[in-house]
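This structure is a prediction, so every number in the text was calculated from the model and none was measured.
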Amino acid sequence: MTSPFVGQVIMTSGVNLRKFDLNLLVALDALLHTRSVTKAGEQLNLTQSAVSAELRRLRRMFDDELLARVGRHYELTPLAQGLIEPVEDVVARVRRTIEHRVTFDPAVASRRFSLVMSDYTMLRIFQPALCRAATEAPGIGLEARQLNDLVPRILGQSGADLVIGAGLEMEGVHSQRLSTERFVCIVSADNPEVGDELPLALLESLPHLAIAWQPWMSALLAQKPGTGSLIRELSSFLGPRPAEARCAGRRMDVVADSLMLAPFLVQGTRLVGLVPERLAHRFRELADLKVFEPPFPMPELHETMYWSDLADTDPAHTWLRQMIADVAADGADAGSPLSPGLEADDLVLSAVGAL
């Protein structure tokens, strides 16, 4: 049977709570259940004098004795008896609120994530991630946007949940390295000028396919590979920055926007391109290519994913990052086959249609 005093307590909802120290509710809960200042102190890990001080404040708050001495023991006043259930409920609710952690079940969750990356990363990581999400998390939507120089300013804004790239200068964010990229030279297999080797002199004599400027290129040049002449040779494969005029003496015979289409642009021409090793081996047969180690020191790129501080403890975002990391690790071997359900010809047609 509910105590008649519970209704009385509820009716005090118009009281200005700012005048009361709500921390005292924990002490009140202990006092109501133990009916002892000493035992309440032991439960709260407080001294007897500290609990006595809180009891005095509680008596002023409620304008009631709450615990009345009867002989050598304390008994609860009628008001205190009516407070047992509501105070216990409030304290329990506060404790559950503090301890509450959002759970995430990908099998039943509904959520949409926006990822930013290069077109090559869309092929290597995003496409197999789509296949995996379709099985593990059918209610999760994934969208990919092209990487550009504005990325460091959009993470956590404009719907960007995760950024994947190399050499990005991003401050105040979390990051995790996904993979290391090596670069190789590619030429058309029917190029009569190229045999079983690609020496530096021959490479310099061939027209170069440069990729329009992308953020990861800064990381390559920042590593200062080799001598000045070798840096110039590397630079000839990297397009100019958007606001940069072509420098005198800087060679770029053909410039294309898409790194992923480079193998097919080289096919049937005299062009030589510089592309990630995984990309070269994946399309070597389809694009009829020859693949060579660069005849100059070539730095490696470390592809990394970045996310905001707000997303760091989000269980759904944690699942997303783990899935991306798993997919990147699964495709770590150069020349790994395409993901199930997607043919190489479909990738080429999709990429061409997006231009």
Side-chain angles (χ1 to χ4, degrees), residues 25-26 29 85-86 88-147 151-166 168 170-181 278 282 302-333 336-343 346-347 350 354:
L25 289 177
V26 178
D29 184 54
E85 289 185 16
E88 181 180 24
D89 181 64
V90 169
V91 172
R93 287 174 180 268
V94 171
R95 183 175 290 109
R96 287 196 298 269
T97 300
I98 295 173
E99 295 175 350
H100 177 69
R101 295 294 181 270
V102 177
T103 59
F104 176 75
D105 182 356
V108 297
S110 178
R111 182 86 175 259
R112 189 166 190 85
F113 292 103
S114 176
L115 295 81
V116 178
M117 63 194 76
S118 68
D119 60 348
Y120 164 60
T121 305
M122 291 182 196
L123 165 68
R124 194 177 75 81
I125 293 180
F126 185 70
Q127 188 277 326
L130 289 176
C131 294
R132 179 165 171 175
T135 301
E136 296 183 3
I140 299 297
L142 299 175
E143 63 180 55
R145 289 188 279 163
Q146 182 72 21
L147 192 65
V151 164
R153 297 198 293 272
I154 70 170
L155 183 61
Q157 305 172 13
S158 305
D161 298 296
L162 194 68
V163 173
I164 302 175
L168 302 179
M170 305 181 70
E171 298 180 356
V173 299
H174 298 265
S175 64
Q176 178 182 340
R177 182 178 296 183
L178 294 175
S179 61
T180 298
E181 293 285 353
R278 295 185 183 96
R282 174 168 286 187
H302 302 298
E303 195 159 44
T304 303
M305 64 177 168
Y306 304 85
W307 63 95
S308 69
D309 188 59
L310 288 176
D312 189 54
T313 56
D314 177 4
H317 202 280
T318 300
W319 169 85
L320 173 68
R321 300 194 303 268
Q322 186 60 57
M323 182 188 67
I324 294 296
D326 291 344
V327 166
D330 290 343
D333 295 332
S336 58
L338 292 170
S339 297
L342 192 66
E343 299 296 333
D346 295 332
L347 286 172
S350 298

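Here the side chains of R145 and S114 are in contact, with some heavy-atom distance below 4.5 Å.
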Step by step, work out the salt bridge (charged side-chain N to carboxylate O under 4.0 Å, His left out) result for R177 and E303.
CA-CA 6 Å; R177 182 178 296 183; E303 195 159 44; over 6 Å; no

Could you walk me through whether V116 and I164 pass the side chain to side chain contact (heavy atoms under 4.5 Å, CB included) check?
CA-CA 6 Å; V116 178; I164 302 175; over 6 Å; no

Dump the intermediate steps for salt bridge (charged side-chain N to carboxylate O under 4.0 Å, His left out) on R93 and E88, then the final yes or no.
CA-CA 9 Å; R93 287 174 180 268; E88 181 180 24; over 6 Å; no

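What you find for A129 and L142 is that their closest heavy atoms are O-CD1, 4.2 Å. Nearest heavy atoms, T304 versus S175: CG2-CB, 3.8 Å. The two residues R124 and R282 come nearest to each other via the heavy atoms CA-NH1, 4.2 Å. Between E143 and F126, the shortest heavy-atom distance links the atoms C-CZ, 3.8 Å. Pairing each heavy atom of S118 with each of Q146, the nearest pair is CA-NE2, 4.1 Å. A pairwise comparison of heavy atoms in V327 and I125 identifies CG1-O, 3.5 Å as the closest pair.
With sequence neighbours left out, A137 forms a side-chain contact (heavy atoms from CB on, under 4.5 Å) with P106, I140, W319. Partners of D326 according to the side-chain contact (heavy atoms from CB on, under 4.5 Å) rule, which considers only residues two or more places apart in sequence or in another chain, are R132, Q322. T180 meets the side chain to side chain donor-acceptor pair (under 3.5 Å) test with H302; sequence neighbours excluded.
Considering F113, W307, Y306 as possible partners of L162, the one that fulfils the side-chain contact (heavy atoms from CB on, under 4.5 Å) test is W307.
In this structure, a donor-acceptor pair under 3.5 Å is absent between the side chains of H317 and D161.
Taken to the nearest 0.5 Å, the CG atom of L320 stands 5.5 Å off from the CG atom of L115. The structure places CG of L130 at 11.0 Å from OG1 of T135, a figure rounded to the nearest 0.5 Å. Between atom CE of residue M305 and atom CD of residue Q176 there is a gap of 3.5 Å, rounded to the nearest 0.5 Å.
A salt bridge links D314 with R111; the closest basic N to acidic carboxylate O contact falls under 4.0 Å.
A distance-only check finds no donor-acceptor pair linking the side chain of R321 to the backbone of A316 [under 3.5 Å].
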